[in-house]
2 protein chains.
Amino acid sequence: MATLRRALVEPPLEDAARALQGLLTAHRWVVLWGRCRADYEGRGASSSGEGDVLVVVKEDRSVIVHGPRGFRPLNWQPSGAAVTASMREGLLELRAVRKSPRETLTLTCSRVYLLSGLEGAVEPEFHMYLSEAEIRDILASNPSLIEEGLRIVGVERPVDPGFVDMYGIDREGRLVVFEIKRVKAGESAARQLLRYVETLRSRGHARVRGVLLAPDFTESAIRLLEASGLEHARIDPRAIYEMAGRRRSVKRVRGLTEYLGKGSAPGRG
Amino acid sequence: MATLRRALVEPPLEDAARALQGLLTAHRWVVLWGRCRADYEGRGASSSGEGDVLVVVKEDRSVIVHGPRGFRPLNWQPSGAAVTASMREGLLELRAVRKSPRETLTLTCSRVYLLSGLEGAVEPEFHMYLSEAEIRDILASNPSLIEEGLRIVGVERPVDPGFVDMYGIDREGRLVVFEIKRVKAGESAARQLLRYVETLRSRGHARVRGVLLAPDFTESAIRLLEASGLEHARIDPRAIYEMAGRRRSVKRVRGLTEYLGKGSAPGRG
DNA sequence: AAGTAAATGTCGACG
DNA sequence: CGTCGACGTTTACTT
């Protein structure tokens, strides 16, 4: 079981700084609730006036700064940042620096409401269902869900440039390129498919078909497809979901989609 | 100054549930650190085994669930969710339900390390600089940053489908379509520009030029541009940034970019 | 409400 | 390390 390493309520800034330094050196998962200002410079640039923020520093040194409202963090730094704490002109300063791209996030706190760190946190095993990769695999194993007589001959194959989600040969022997979207497909999905089909046609596959597979389509996507001689076909999430039920679920190890049949590295850090 | 309304360390689950209910009814900003499992069902579906998570419920009822690693939350619910807490089979259950789309997030906690709420939090004033909109406006006001003799005749104009970032007439009287990216432009940006140019050409603008403006370009973007007779030009973020310094800053009111020219905020210091 | 594009997008995979 | 595409993307903006 994880243990709380500290829970300082309204500590003097010096105490907070010292505790924070200790927690950071020990690579703890840290939460700081305080009155701070934030400055960020990197790909973009931002600054904020003083306000109440919740700062989360995780074990992998990702930093997230939340305000009292809104889903998105006000500021952040992705994992791998160099995080340091210090006192500076009487204020607690927390800096998170990332290289490549070079980005700096600086928090300057005039007051700490709560500071706490957790040791030995257990990462929950996370299962995500019906990722695009899984949908693609299910369709590849059950091509009749798409059309009769279809044979899948390739999956996630590189074209220049990009990747075709799925290749097939239809009952008349024509090459079919599939682009799969797990949600409603917009114009950009259609553009992508068009691009692949054009590439293939320019390489002599005159009879290639292009099919956009999605549970739904925007009007402009359909217009673009029809104007370009491409097809679209609705896939039924329910049918896919039922197929998925018979497979093992997809496990999100560090990120999002790790799908079956491609044994990959556990690697962390 | 904001005040901590509670800071319960390792409370019994019943106490935590009671306190949590109170904090939620009072619409406080709440933090719960505990050993929980999470189940989500909605557009996607996910579940997790037990693990240590940090749950943040904000004043606007957005809910964010973070694990010990990674920038992205494991689960979340955007603002406006209906959040309730209760005891259920000896465990603390926190439910956040959103309608349209109907989505449910359920947290089931077997242990609470820390529970706390903050009252009277002050939202920091947030300023974001150099959004794409601002870059576009600066370029539109200073077309010589792009090329000599260029005259900008339109900005953010609808084409079917989509929007052209910027139109100009070059020194030879040709129509120029600009696509602007504030970061390195990839293939999809090139595809977007190509689409616009093709649309315009098909409408009789035979001599239209297409120019992708970005601080940098991926190799495949350049390939696609050159193969399609389109151009690309590097824009210097530094030069833009200096121009921006002379303008009033961009204020992020509720979301990300609210740019000038539309009755806006006082400048920053 | 639906569609479209931006984002400090982040994240993972692959060359 | 660059390039690429997915994402419960979220968010803002326009029709």
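Naming: A, B, ... by sequence-line order, numbering from 1 per chain. Since we're looking at a predicted model, the values are computed, not measured.
With rounding to whole Å, A:Leu193 atom CG is found 12 Å from D:dA6 atom P. Atom pair A:Phe217:CZ and C:dA2:P shows a separation of 17 Å (rounding to whole Å applied). Taking atom CG of B:Asp60 as the reference point, atom C1' of D:dT11 lies 14 Å away to the nearest angstrom. Whole-Å rounding puts the A:Asp137 CG to D:dA6 C1' distance at 14 Å. Protein atom CD of A:Glu103 is 12 Å distant from nucleotide atom C1' of C:dT10, rounded to whole Å. Between B:Leu74 atom CG and D:dC7 atom P the separation is 17 Å, expressed in whole Å. Taking atom CD of residue B:Glu179 and atom C1' of nucleotide C:dA6, one finds them 10 Å apart after rounding to whole Å. Counting to the nearest Å, the C1' atom of D:dT9 and the CD atom of B:Gln77 are 14 Å from each other.
Residue A:Arg72 places none of its side-chain N or O atoms closer than 4.0 Å to OP1 or OP2 of C:dA7. Side-chain nitrogen and oxygen atoms of B:Trp76 include at least one within less than 4.0 Å of the OP1 or OP2 phosphate oxygen of D:dT10. A sub-4.0 Å separation between OP1 or OP2 of C:dG9 and a side-chain N or O of A:Arg43 is present. Phosphate proximity of D:dT9 to A:Arg182: present, with a side-chain N or O under 4.0 Å from OP1 or OP2. The phosphate of C:dA7 (OP1 or OP2) has no side-chain N or O of A:Tyr40 nearer than 4.0 angstrom.
The nearest heavy atom of DNA chain C to B:Phe71 and to A:Gly42 marks one nucleotide each, and the one closer to the 5' end goes with A:Gly42. Mapping A:Arg98 and B:Lys181 onto DNA chain C via the closest heavy atom, the residue that lands nearer the 5' end is B:Lys181. Mapping B:Ser188 and A:Ser100 onto DNA chain D by nearest heavy atom places A:Ser100 at the nucleotide closer to the 5' end. Each of B:Thr218 and A:Val183 was matched to the nucleotide of DNA chain D holding its nearest heavy atom; the match closer to the 5' end belongs to B:Thr218.
Residue A:Lys184 places its side chain closer to C:dA2 than to any other of C:dA2, D:dG5, D:dT10. Of the listed nucleotides (D:dG5, D:dT10, C:dT10), D:dG5 has the atom at the smallest distance from the side chain of B:Glu187.
Nucleotide D:dT15 is matched to C:dA1 when pairs are restricted to Watson-Crick or G-U wobble geometry with both distances under 3.5 angstrom.
Formation of a donor-acceptor pair under 3.5 Å by the B:Lys181 side chain with backbone atoms of B:Ala189 is not found in this model. The backbone N or O of B:Gly70 sits less than 3.5 Å from a side-chain atom of A:Lys58, completing a donor-acceptor pair.
No donor-acceptor contact under 3.5 angstrom links the side chains of A:Ser46 and A:Asp39, judged on distance only. Residues B:Glu179 and B:Tyr196 bring no donor and acceptor atom of their side chains to less than 3.5 Å of each other.
Interatomic distance, CG of B:Leu193 versus CG of B:Leu230, reported as 5.0 Å (0.5 Å rounding).
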